[in-house]
Undergrad: 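Here it is, the structure, as structure tokens.
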Protein chains: 2
Amino acid sequence: MTTRERPRDTRARIQQVALDLFAEHGYEKTALREIAEKLGVTKAALYYHFKTKEDILVSIFTDSAEQIDELIEWARSQPPTVETRREVIRRYSGLMRGNRKLLQFMHENQPTLRDLPIGETMKHRMAGLFEVLTDDGQSLPDQLRGRLAVFAISFGTMVAMSDTKHSRDEVADAAVEVALDLIRG
Amino acid sequence: MTTRERPRDTRARIQQVALDLFAEHGYEKTALREIAEKLGVTKAALYYHFKTKEDILVSIFTDSAEQIDELIEWARSQPPTVETRREVIRRYSGLMRGNRKLLQFMHENQPTLRDLPIGETMKHRMAGLFEVLTDDGQSLPDQLRGRLAVFAISFGTMVAMSDTKHSRDEVADAAVEVALDLIRG
DNA sequence: GTCTATAACTAGATAGAC
DNA sequence: GTCTATCTAGTTATAGAC
């Protein structure tokens, strides 16, 4: 409680700015100089808080994505019924709506994240999500439908329809409807 | 007709190797040195055939993706019925199966391509594809379904299911079934 | 048409002062 | 905790020989 006068949450502010830039331009195209400038500090200051550039990327991902793990855990504690799966979809949609920036970040940097050590974690997470949404007894198309449902939510949350007639929430609601319809017994 | 003895297809070979590497590691992480080494030439040779690195990326895209334009054109010449749309899906699946590398390339470098001048072209292409697969008379969920159908094909063509019980073609076939089901009157 | 050599630059990262 | 200064390594790109 003594070692915290004014400096504060610089670490969190770095993550915040980096999240914005990584989501906007992608990890590779974002220079540390850019992050530093936006914060009004130098590159060297960044290195006090993070060991490497990659470290910033990974920290954003790990700090934020545990909600999905909790959702999977919850699903596993429930009976594997269609209704459970539908509830997973609804909750997943809620999560994504509350974290559009993070979703955009993950989508934009998916190829990059995949090649990192943390890519395995991400892969396992997706596998877990798919696992609670499908089962081996289903036909191959139905298994695909379950996986596609996850994407429908992301797609609907993030991508604005080209015509501007519909609000983001309308599209997100429609995405939930489509996704629910893709979950079959 | 005089200036073409033996060298010839170096340009095409550069594109081929670049396609491989860009699809595998992504555009940013691929060094021109790498491409040159794989071909057994020097970086400078690359600059004889292409003005910039970006030029290589763009040339791959433009040289290969015109099949999609032709598909869209064909669809526009047909009556906008459900059956036409289903045929578009089938043909699109055929295209993607024949060009897995290109599909992977596009997926991996989507964020990069988007920020380039050619990104607009890509966007228009997708918009055209969506246009022939949906119409304004449909409900919002049905419009989303039409767009999701396109993704289902890509998804099914590229992503192997985590369990190895199914071949790529089986998954691709299932994807077509799911996609067709997403196209509604 | 392709090479050698190198220019010109930018990135991420570190050392040490304050 | 943040700074200045600098390093190292990698990149794109060009000039000019063969």
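Chain naming here is simple, since letters A, B, ... match the order of the sequence lines and numbering starts at 1 in each.
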Undergrad: Please tell me whether A/Thr84 and A/Thr81 have a donor and an acceptor in their side chains that are separated by less than 3.5 angstrom.
TA: yes

Undergrad: Establish, with yes or no, whether the OP1 or OP2 oxygen of D/dT4 is under 4.0 angstrom from a side-chain nitrogen or oxygen of A/Thr42.
TA: no

Undergrad: Looking only at the side chain of A/Val41 (C-beta and beyond, no hydrogens), which of the listed nucleotides D/dT12, D/dA15, D/dC3 gets closest?
TA: D/dC3

Undergrad: Would B/Phe151 and A/Phe151 count as a close aromatic pair, with their ring centres under 6.0 Å?
TA: yes

Undergrad: How many Å lie between NZ on B/Lys29 and P on D/dA9, as a whole number?
TA: 22 Å

Undergrad: Please check if any side-chain donor atom of B/Asn99 sits under 3.5 Å from a side-chain acceptor atom of B/Gln67, or the reverse.
TA: yes

Undergrad: Mind checking B/Ala31 for me? I need base, sugar-phosphate or nothing, with any heavy atom below 4.0 Å counting as a touch.
TA: sugar-phosphate

Undergrad: Under the side-chain contact (heavy atoms from CB on, under 4.5 Å) rule, collect the residues that match up with B/Tyr48, sequence neighbours excluded.
TA: none

Undergrad: Does a nitrogen or oxygen in the side chain of A/Arg33 sit under 4.0 Å from OP1 or OP2 of C/dG12?
TA: no

Undergrad: Take the C1' atoms of the five end pairs on each side of the helix from C/dG1-D/dC18 to C/dC18-D/dG1, get both axes, and report the angle to 10 degrees.
TA: 10°

Undergrad: For C/dG12 and A/Thr52 - does any side-chain N or O of the residue sit under 4.0 Å from the phosphate oxygens OP1/OP2?
TA: no

Undergrad: Once you round it to whole Å, what is the distance between C1' of D/dT6 and NZ of A/Lys43?
TA: 10 Å

Undergrad: Over how many whole Å does the gap from A/Asp55 atom CG to C/dG12 atom C1' extend?
TA: 13 Å

Undergrad: Output a table of donor-acceptor pairs, distance under 3.5 Å, between side-chain atoms of residues 29-37 of chain B and any protein atom two or more places apart or on a different chain; print 'none' if there are none.
TA:
residue : atom : partner : partner atom : Å
B/Thr30 : OG1  : B/Leu21 : O            : 3.4
B/Thr30 : OG1  : B/Gly26 : O            : 2.7
B/Glu34 : OE1  : B/Ala31 : N            : 3.4

Undergrad: Closest to the A/Ala45 side chain: D/dT12, D/dC3, C/dC3?
TA: D/dC3

Undergrad: Establish, for the pair A/Lys53 and A/Tyr27, whether the NZ or CZ atom is under 6.0 angstrom from the six-membered ring centre and no further than 45 degrees off its axis.
TA: yes

Undergrad: Compare the minimum distances between each of C/dA15, C/dG12, D/dG1 and the side chain of A/His49, then state the nucleotide with the smallest one.
TA: D/dG1

Undergrad: C/dC9 C1' sits how many Å from B/Lys53 NZ, rounded?
TA: 15 Å

Undergrad: Return the value, rounded to whole Å, for the distance between atom CD1 of A/Ile14 and atom C1' of D/dG1.
TA: 10 Å

Undergrad: When you check the phosphate oxygens OP1 and OP2 of D/dG1, does a side-chain N or O of A/Tyr48 lie under 4.0 Å from one of them?
TA: yes

Undergrad: Under 3.5 Å, is there a donor-acceptor pair between the B/Ser93 and B/Arg97 side chains?
TA: yes

